[in-house]
S.K.: 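This structure is in structure tokens; I'll ask about it shortly.
Keep in mind the model is a prediction, meaning the values are calculated, not measured.
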Amino acid sequence: MNQEELVKARQEILRAEAAPTRYCFPNRLEELIILEKVLKCDSEAYHAAYYLGNLLYDKKQYDKAISLWELAKKGLPDFPTSYRNLSFAYYNKKGNKKVALKLINQAFDLNPSDARVLLEKTQLESMIGIPIKDRLAVLEAHKETVVSRDDLFIEYLTLLKIF
């Protein structure tokens with residue numbers, strides 16, 4: 001790539017990095033190649049690292065995915081989804097419950113209105129043995145979020161019944 005092409009590529013990378021992440025799910029070989037090239041061109045393309053991590057995790061390349069999500073977390077400290085994904089990876093692939101819990105708590109702290117993350121946090125806490133009263137206290141402190149998602153509300157009602 002000549003200098004002019006490199007400058008143009010970096011401009012496009014900056015534009016892509018600023019785009020919303022909500023509905024971006026790379027899953028094809030072509031996208032893997034593109035994301036790898038983006039990271040070679042710009043090691044600070046943190047959203048690209050996040051996307052590539054997602055793609056590689058799906059392709060069972062867990063260690064590479066974890067490394068990429070760690071890079072994304074470092075560069076995008078306010079992006080909760082990297083923390084959430086890392087929590088799953090550390091629990092399911094590394095067997096590290098302590099780190100998984102820390103990461104899901106960080107994801108939730110960054111966006112306490114995310115009902116999916118609150119549900120996943122509650123489920124992880126259940127799997128690692130956090131007492132019901134502690135889980136209930138969190139859910140009760142975030143009732144508006146709890147009632148926004150059916151499966152989370154059912155989890156809340158189940159905990160109430162057990163407790």
S.K.: Any idea which heavy atoms bring S148 and A115 closest together, and the distance?
M.R.: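 Scanning both residues, the minimum pair turns out to be OG-CB, 3.5 Å.
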S.K.: Cut-off 3.5 Å, no hydrogens considered: what does the side-chain donor-acceptor table look like for residues 18-45, sequence neighbours left out?
M.R.:
residue	atom	partner	partner atom	Å
E31	OE1	N27	N	2.6
E31	OE1	R28	N	2.8
D42	OD1	E44	N	2.8

S.K.: Evaluate the salt bridge (charged side-chain N to carboxylate O under 4.0 Å, His left out) criterion for residues R15 and E12: first the C-alpha distance (whole Å), next the side-chain angles of each, then the deciding distance (0.1 Å), finally the verdict.
M.R.: CA-CA 5 Å; R15 197 168 74 109; E12 290 303 315; 3.1 Å; yes
S.K.: Check the surroundings of atom CD in E144: do more than 12 heavy atoms from other residues, nucleotides or ligands lie under 6.0 Å from it?
M.R.: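 No, the 6.0 Å shell around CD holds no more than 12 heavy atoms from other groups.
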S.K.: Taking T122 for the side chain and L118 for the main chain, is one N or O donor matched with an acceptor at less than 3.5 Å?
M.R.: yes
S.K.: Which pairs with one or both residues in residues 49-58 pass side chain to side chain donor-acceptor pair (under 3.5 Å), sequence neighbours excluded?
M.R.: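 Output for this query lists Y50-N54, N54-W69, N54-N85.
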S.K.: Please determine whether the number of non-hydrogen atoms from other residues, nucleotides or ligands lying under 6.0 Å from atom CG of D150 exceeds 12.
M.R.: no
S.K.: Could you report the tightest heavy-atom contact between A65 and G53, atom names first, then the distance?
M.R.: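 For A65 and G53, the tightest heavy-atom pair comes out as CB-O, 3.2 Å.
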S.K.: Can you tell me if E140 uses its side chain to pair, donor with acceptor, with the backbone of A137 under 3.5 Å?
M.R.: no
S.K.: Looking only at atom types and distance, does a side-chain atom of S87 sit under 3.5 Å from a main-chain N or O of Y83, one as donor and one as acceptor?
M.R.: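 Checked: no pair found.
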S.K.: What about I128 and F88, same hydrophobic cluster or not, with Ile/Leu/Val/Met/Phe/Trp/Tyr joined at side-chain heavy-atom distances under 4.5 Å?
M.R.: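 Hydrophobic grouping puts I128 apart from F88.
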S.K.: Starting from L14, can I reach F79 by hopping between I/L/V/M/F/W/Y residues whose side chains sit under 4.5 Å apart?
M.R.: no
S.K.: Residues in salt bridge (Lys or Arg N to Asp or Glu O under 4.0 Å) with E4, at least two apart?
M.R.: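 Testing E4 for salt bridge (Lys or Arg N to Asp or Glu O under 4.0 Å), a comparison that skips the adjacent residues, returns none.
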S.K.: Could you pull out the closest heavy-atom pair between R135 and I130, with the gap in Å?
M.R.: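 Where R135 meets I130 most closely, the heavy atoms are NE-O, 3.0 Å.
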S.K.: Check H47 against E17 and note the closest heavy-atom contact, atom names and distance.
M.R.: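 So the minimum-distance heavy-atom pair works out to N-OE1, 2.8 Å.
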S.K.: Given side chain to side chain contact (heavy atoms under 4.5 Å, CB included), test K73 with Y46 step by step and report yes or no.
M.R.: CA-CA 8 Å; K73 179 176 70 107; Y46 300 114; over 6 Å; no
S.K.: So which heavy atom on A100 is nearest to which on Y91, and how close?
M.R.: CB-CB, 3.6 Å
S.K.: Give me each pair satisfying side chain to side chain donor-acceptor pair (under 3.5 Å) with a member in residues 110-121, each pair once, sequence neighbours excluded.
M.R.: R84-E120, N105-K121, N111-S113, K121-E125
S.K.: How far does CG of L6 sit from CD1 of I13, to the nearest 0.5 angstrom?
M.R.: 8.0 Å
S.K.: Are I154 and Y156 linked, directly or through other ILVMFWY residues, by side chains that come within less than 4.5 angstrom of each other?
M.R.: no
S.K.: With sequence neighbours left out, what residues match R10 under salt bridge (Lys or Arg N to Asp or Glu O under 4.0 Å)?
M.R.: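 In terms of salt bridge (Lys or Arg N to Asp or Glu O under 4.0 Å), with neighbours along the sequence ignored, R10 is linked to no residue.
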S.K.: Who are the salt bridge (Lys or Arg N to Asp or Glu O under 4.0 Å) partners of D109, not counting sequence neighbours?
M.R.: none
S.K.: Assess the residue pair L139 and T145 against the criterion (side chain to side chain contact (heavy atoms under 4.5 Å, CB included)); give the C-alpha distance rounded to whole Å, side-chain angles, the decisive distance to 0.1 Å, and a yes or no.
M.R.: CA-CA 8 Å; L139 295 176; T145 303; over 6 Å; no
